[in-house]
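What's counted below: heavy atoms across the whole structure, side chains too, no hydrogens, waters or symmetry copies. The chains referred to below are lettered A, B, ... by the order of the sequence lines, with proteins before strands, and numbering in each begins at 1.
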Amino acid sequence: MVQVRLKDGSVREYPAGSTVLEVAKSISQGLAREALAGKVNGKVVDLNYPLQEDAALELLTFNDEEGCAVYRHSSAHVLAQAVKRLFPEAKLAIGPAIQDGYYYDFDVPQPFTPVQLEQIEEEMNKIIKEDIPFKRLEISRPEALGRFQNQEELYKVELINDLPEDAVISCYQQGDFEDLCAGPHVPSTGRLKSIKLMSIAGAYWRGNEKNKMLQRIYGTSFPKKALLDEHLFRIEEAKRRDHRKLGAELDLYSIQEEGPGFPFFHPKGMILRNELENFWRLEHKRRGYQEIRTPVILNRGLWEQSGHWDHYKENMYFTKIDEGDYAVKPMNCPGSILVYRAKMHSYRDLPLRWGELGLVHRHELSGALHGLMRVRCFTQDDAHIFLLPSQIKEEIIGVIDLFDYFYNTFGLQYHVELSTRPEKSMGSDEIWEMATNSLRDALEAKQVKFKINEGDGAFYGPKIDFHLTDSLGRTWQCGTIQLDFQMPEKFELTYVGEDGQKHRPVMIHRVVFGSIERFIGILTEHFAGAFPVWLAPIQVRVMPITDKHHEYANTVVKKMQELDIRVELDARNEKINYKIREAQTQKIPYMLVIGDREMEQGAVAVRQRGKGDIGAIQVEEFINTVQADIKNKTIF
RNA sequence: GCUGCUAUAGCUCAGUAGGUAGAGCGUAUCCUUGGUAAGGAUAAGGUCACCGGUUCAAAUCCGGUUAGCAGCUCCA
């Protein structure tokens, strides 16, 4: 008998050799039906994996990230099998599960056509109907090499050769199809329900442009058709909300041929920006930050000292001034450090929290540019905090609180990831350990759940990343908190301690919005252009029914203008329906219709975005409502 | 940057076996004074992205450049 500890903490006994599926069945039929794979002592395995000794077991369904990945990965194998059936000459490369589905790369003489894509999808559905079992085979390296060489699957041979010495090499077979694969997989192809192939794209073998370009087929799959439909709907919805489209329609910004990747902000986009910045300044002031501003162009020596000249050159822009080499700043930290160095600091002054809305320029590949999300110049809502090592935990907690407050204000959910030391990095192990532990301690003290990203930290220190989830469930990395022991060292920063001696301060780099430009893009898509009143470029539009009502409408407008409400009068010679339609497409939160009735009673007829006509109220009462929306940052 | 695709009016798009362009929306003017998502008429507006080639003739065919889109790579 073996003892199996389940997710709920209970321990059950099973005969040795019982499979994961058998355990699932013993718990409930429903679970057995839903289970896609198991997780034994933290390792994801097939459902028919036999339990030979005591273990902790978790059953994975589509709702678990890992279960979902197994499902998609099995889908990719079905895709490959379908392609091999229809195009036997196709060579297999790799086919992993990804965020919203899976892909498989093939080496074929001709790119796939959309018609062929449909045929492949049909074939996949056939394979699913055939309900072919997935069989796991563990084989030796020579056997694996032999097998795939025979099949002339040279990409697979290359993969096998690159596997580490001690790797267990496994193969999965489903009927006549066989693929090199670590697994695990669902028990049989029939477990897959709704599959769909999404697109075809070129992709280089191993992502390297020097290698051959392969044909990549993207697909997705779900255990229920309703889930697939929902996914497809989300894609359509994302197109409708695309900030590039809405940015033009709402006249927020433009990008012109004269400046690829350098956005132009129009008056309405500037209102958004300024509101975000006002909010940012106020909240930072409240939390003990001061604001600084450092130059955009600084000399070569500085960038050599900071390490950017060596590590970041390809992304930087350069210029010459009076024979001297200068660079346009790609980051704000060196500037902030120079401000710190401008005078002596006592331990009594720390922590020093210096915010900077700094415009940075980075050379991004032309193919990477994307609306406001990926640009060549952007404003980081940066801050550098100089502190004593003993203040780290408390200070990080303060930053986490600030981030939480910001994201909640926009109705954005988030999750947190802690990134640890990467291979290429500076500094001693002790320092890294201590820095990483401080970040972890702060997260734990705040009881924030987090995921660990091994080896994904910055070269100068570990970091905490905040990933926002927007209204469509997409995630965006925005905020980041980075702990840095290297820059203070390189620039020989000091403070005078209690003992009268010089000591090295620690630095925290952090951004909340990340980039104001990108954040505007995210907000545009999150709200589908229907910004909350406090951000809306036009908050109220007043629409008189005929020109008899213009005078009264004007007094209403004036009243609001005096209170800094962003109000517009639509005095055009158009029917009320027409004016409403336009205000609606412009996503203006409040429309005020003014006719005889309102004029007589000193009232306005209010139409609220998303709700429609909500009736007439007195002007003063309406003004109070709007002001409350602005003050409370109400979202509707 | 690489691969593929695209570029016609402010916007969305049609068009031509190669013979110098068209719609809807928007804009302007006039008529209409209309109560919760498009009232009517008239007009203006384009070196068909840019440079070069083929041709009697190029917006149309070919090459290059630039920009955009999708993917790869990378990231705030």
Determine whether more than 12 heavy atoms belonging to other residues, nucleotides or ligands lie under 6.0 Å from atom CZ of A/Phe262.
-> yes
Taken to the nearest whole Å, NZ/A/Lys575 to C1'/B/C31 is 12 Å
Taking only Watson-Crick and G-U wobble pairs with both distances under 3.5 Å, what dot-bracket line describes RNA chain B, where [ ] shows pairs that cross earlier ones and | shows pairs with another strand?
-> (((((((..((((.....[..)))).(((((.......))))).....(((((..]....))))))))))))....
Can you check the A/Glu582 CD to B/U36 P distance for me, whole Å?
-> 18 Å
Output yes when A/Lys451 and A/Glu417 qualify as a salt bridge under the 4.0 Å nitrogen-oxygen rule, no when they do not.
-> yes
Please state how far atom CZ in A/Arg581 lies from atom P in B/U36, giving the value in whole angstrom units.
-> 16 Å
Just checking A/His370: base, sugar-phosphate only, or nothing, at a heavy-atom cut-off of under 4.0 Å?
-> sugar-phosphate
Nearest whole angstrom, please: distance from the P of B/A76 to the OH of A/Tyr407.
-> 13 Å
Classify the side-chain pair A/His415/A/Thr469 by whether it contains a donor and acceptor separated by less than 3.5 Å.
-> no
If you measure only the distance, is there a donor-acceptor pair under 3.5 Å linking the side chains of A/Thr294 and A/Glu356?
-> yes
Spacing of A/Glu314 atom CD relative to B/C74 atom P, expressed in whole Å = 14 Å
Whole-Å distance, A/Tyr578 OH to B/A38 P, equals 11 Å
Is the NZ or CZ atom of A/Arg216 both under 6.0 Å from the centre of the six-membered ring of A/Tyr103 and within 45° of that ring's axis?
-> yes
Report the residue (A/Tyr218 or A/Glu517) whose heavy-atom-nearest nucleotide on RNA chain B is the more 5′ of the two.
-> A/Tyr218
Measure the distance from CD1 on A/Ile576 to C1' on B/U33 and round it to the nearest whole Å.
-> 12 Å
Closest-nucleotide 5' rank along RNA chain B - winner of A/Asp547 and A/Gln256 = A/Asp547
Sorted by number, the residues of residues 257-275 of chain A with heavy-atom contact under 4.0 Å to RNA chain B | A/Glu257, A/Pro260
Dump the intermediate steps for salt bridge (Lys or Arg N to Asp or Glu O under 4.0 Å) on A/Glu582 and A/Arg572, then the final yes or no.
-> CA-CA 12 Å; A/Glu582 195 184 85; A/Arg572 291 174 305 174; 3.1 Å; yes
A/Tyr312 OH to B/C75 C1': how many Å, rounded?
-> 7 Å
Classify the angle between the aromatic ring planes of A/Phe265 and A/Tyr253 as parallel (below 30°), tilted (30 to 60°) or perpendicular (above 60°).
-> tilted
Side-chain donor-acceptor pair under 3.5 Å between A/Asp105 and A/Tyr155, yes or no?
-> no
Salt-bridge contact A/Glu237-A/Arg240 (side-chain N to carboxylate O under 4.0 Å) | yes
